Amino acid sequence: METKNLFAAIIGRPNVGKSTLLNTLLGEKISIVSSKPQTTRTKITGILTKGETQYVFIDTPGIHKPRTKLGDYMMEKAGEAAGEVDIILFLVEAGDKIGPTERELMKKFTVMRVPALLIVNKTDKSNAREIGDTILRFSEVYDFAAVVPISAKNGENTDIIIDEISKFAQEGPHFFPDDMITDQPERIIASEIIREKILLTLSDEIPHGVAVGIERWHEREDGLVEINAVIYCEKASHKGIIIGKQGAMLKKIGTEARIDMENLLGSKIMLQLWVKVREDWRNKMGDLRTLGYDSTEEQ
């Protein structure tokens with residue numbers, strides 16, 4: 001049987017549903033999701049093997065105007081992904097207008113000569129006219145290879161995406177084992193799960209000035225995995241909020257993160273969390289590098 005492969009980047013504004021779409025396509029949760037913009041901070045690779053074809057999806061940080069060095073890093077990763085793939089899944093929300101960012105992106109698609117699909121998400125929250133107007137607006141600016149209205153949250157029409165992109169698959173080897181769903185190290189997955197629970201649990205009380213570092217990972221002979229993690233925040237006032245009264249908030253974050261880790265990693269987890277203050281870490285290259293957000297060492 002001749003094998004095929006295809007690399008696809010999922011590109012779009014923050015909070016448009018890129019990570020939800022990736023998780024839905026894979027049938028597994030590997031990319032964290034919250035209602036806050038810029039939840040995804042780096043490239044997350046998801047792998048789906050169906051028959052002879054292996055699809056490699058790259059979930060990118062939301063396209064936005066950077067305001068910190070962390071923001072610069074996120075935009076760099078989004079740009080890298082767009083230049084490394086066979087096809088782009090350009091995700092917009094039903095009702096979206098075309099802003100300068102979207103217009104610039106579509107110009108880049110033409111320059112890069114990479115085919116793109118227009119994926120109109122959140123159709124479950126829109127009417128047919130709103131969806132149709134969105135498709136018309138974007139299609140007037142760029143000649144998309146196909147247009148697919150979907151609800152990533154409900155899984156509606158996401159199978160059509162696979163049908164459409166399979167047309168662009170190239171003959172060649174599978175680059176990952178067929179049963180692999182992500183190339184992310186387990187430590188990164190664990191830290192991202194913890195960060196997701198912080199975003200979901202604390203709502204708008206704590207901004208995006210939170211990072212998670214895994215300081216200890218020990219796999220015992222009985223199969224239990226001991227994980228020690230540190231939650232870094234930018235202000236001393238945030239530390240108390242994350243910990244909560246008598247440690248209740250931190251315990252809630254830890255419990256919910258542990259459950260997700262056990263489901264994804266298939267192991268029993270003993271998770272211990274600490275909270276430390278690192279002022280303005282998002283603008284300090286040393287801190288960014290320590291927390292895995294600086295790419296200079298890769299160049």
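No hydrogens, no waters, no symmetry mates; every other heavy atom, side chains included, goes into these values. Small disclaimer: the values here were computed from a predicted structure and weren't measured.
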Over all atoms of both residues, closest heavy-atom pair of [X] and [Y]:
{"X": "Ile214", "Y": "Ala190", "answer": "CD1-CB, 4.3 Å"}
{"X": "Cys233", "Y": "Val275", "answer": "SG-CG1, 4.1 Å"}
{"X": "Leu271", "Y": "Gly254", "answer": "CD2-O, 3.6 Å"}
{"X": "Val147", "Y": "Ser139", "answer": "CG2-OG, 4.1 Å"}

Discussion item. Can you confirm whether the side chains of Asp96 and Thr134 place a donor and an acceptor under 3.5 Å from each other?
Written reply: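 Judged by distance alone, the side chains do not pair up.
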
Look at [X] together with [Y] and state whether they make a salt bridge at an N to O cut-off of under 4.0 Å.
{"X": "Glu102", "Y": "Arg13", "value": "yes"}
{"X": "Glu140", "Y": "Arg137", "value": "no"}
{"X": "Glu256", "Y": "Lys252", "value": "yes"}

Only one of [options] clears side-chain contact (heavy atoms from CB on, under 4.5 Å) with [X]; which?
{"X": "Glu164", "options": "Ile160, Ile161, Ile162", "result": "Ile160"}
{"X": "Val212", "options": "Ile193, Val230, Leu273, Ile198", "result": "Ile198"}
{"X": "Leu199", "options": "Glu196, Lys197, Arg195", "result": "Arg195"}

Item to complete: Assert yes or no for the condition that the ring centre distance of Phe175 to Phe7 is strictly below 6.0 Å.
Response: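 When the ring centroids of Phe175 and Phe7 are compared, they turn out to be within the sub-6.0 Å range.
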
Worksheet item: Can you check whether Phe138 and Phe144 have ring centres sitting under 6.0 Å from each other?
Response: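 Ring centres of Phe144 and Phe138 not closer than 6.0 Å.
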
Worksheet item: Does the pair Gln272 and Trp274 meet the rule for a side-chain hydrogen bond (donor to acceptor under 3.5 Å, both in side chains), with working shown?
Response: CA-CA 7 Å; Gln272 296 192 54; Trp274 286 267; 5.9 Å; no

Item to complete: Go through Lys4 and Leu6 one step at a time and tell me if the side chain to side chain contact (heavy atoms under 4.5 Å, CB included) criterion holds.
Response: CA-CA 7 Å; Lys4 298 180 179 180; Leu6 180 134; over 6 Å; no

Item to complete: Can you establish whether the number of heavy atoms outside Asp143 located under 6.0 Å from its atom CG is more than 12?
Response: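 Atom CG in Asp143 is not packed in, count stays at 12 or less.
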
Item to complete: Verify the neighbour count for atom CZ of Arg216: are there more than 12 heavy atoms of other residues, nucleotides or ligands below 6.0 Å?
Response: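 Enclosed: over 12 neighbouring heavy atoms sit under 6.0 Å from CZ of Arg216.
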
Worksheet item: Would you say Val114 and Val141 are hydrophobically clustered, going by side-chain heavy atoms of ILVMFWY under 4.5 Å?
Response: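 Per the 4.5 Å side-chain linkage, Val114 and Val141 are co-clustered.
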
Discussion item. Please determine whether side chain to side chain contact (heavy atoms under 4.5 Å, CB included) holds for the pair Arg258 and Met261, giving the CA-CA distance in whole Å, both sets of side-chain angles, and the decisive distance to 0.1 Å.
Written reply: CA-CA 5 Å; Arg258 178 182 55 77; Met261 288 180 196; 5.5 Å; no

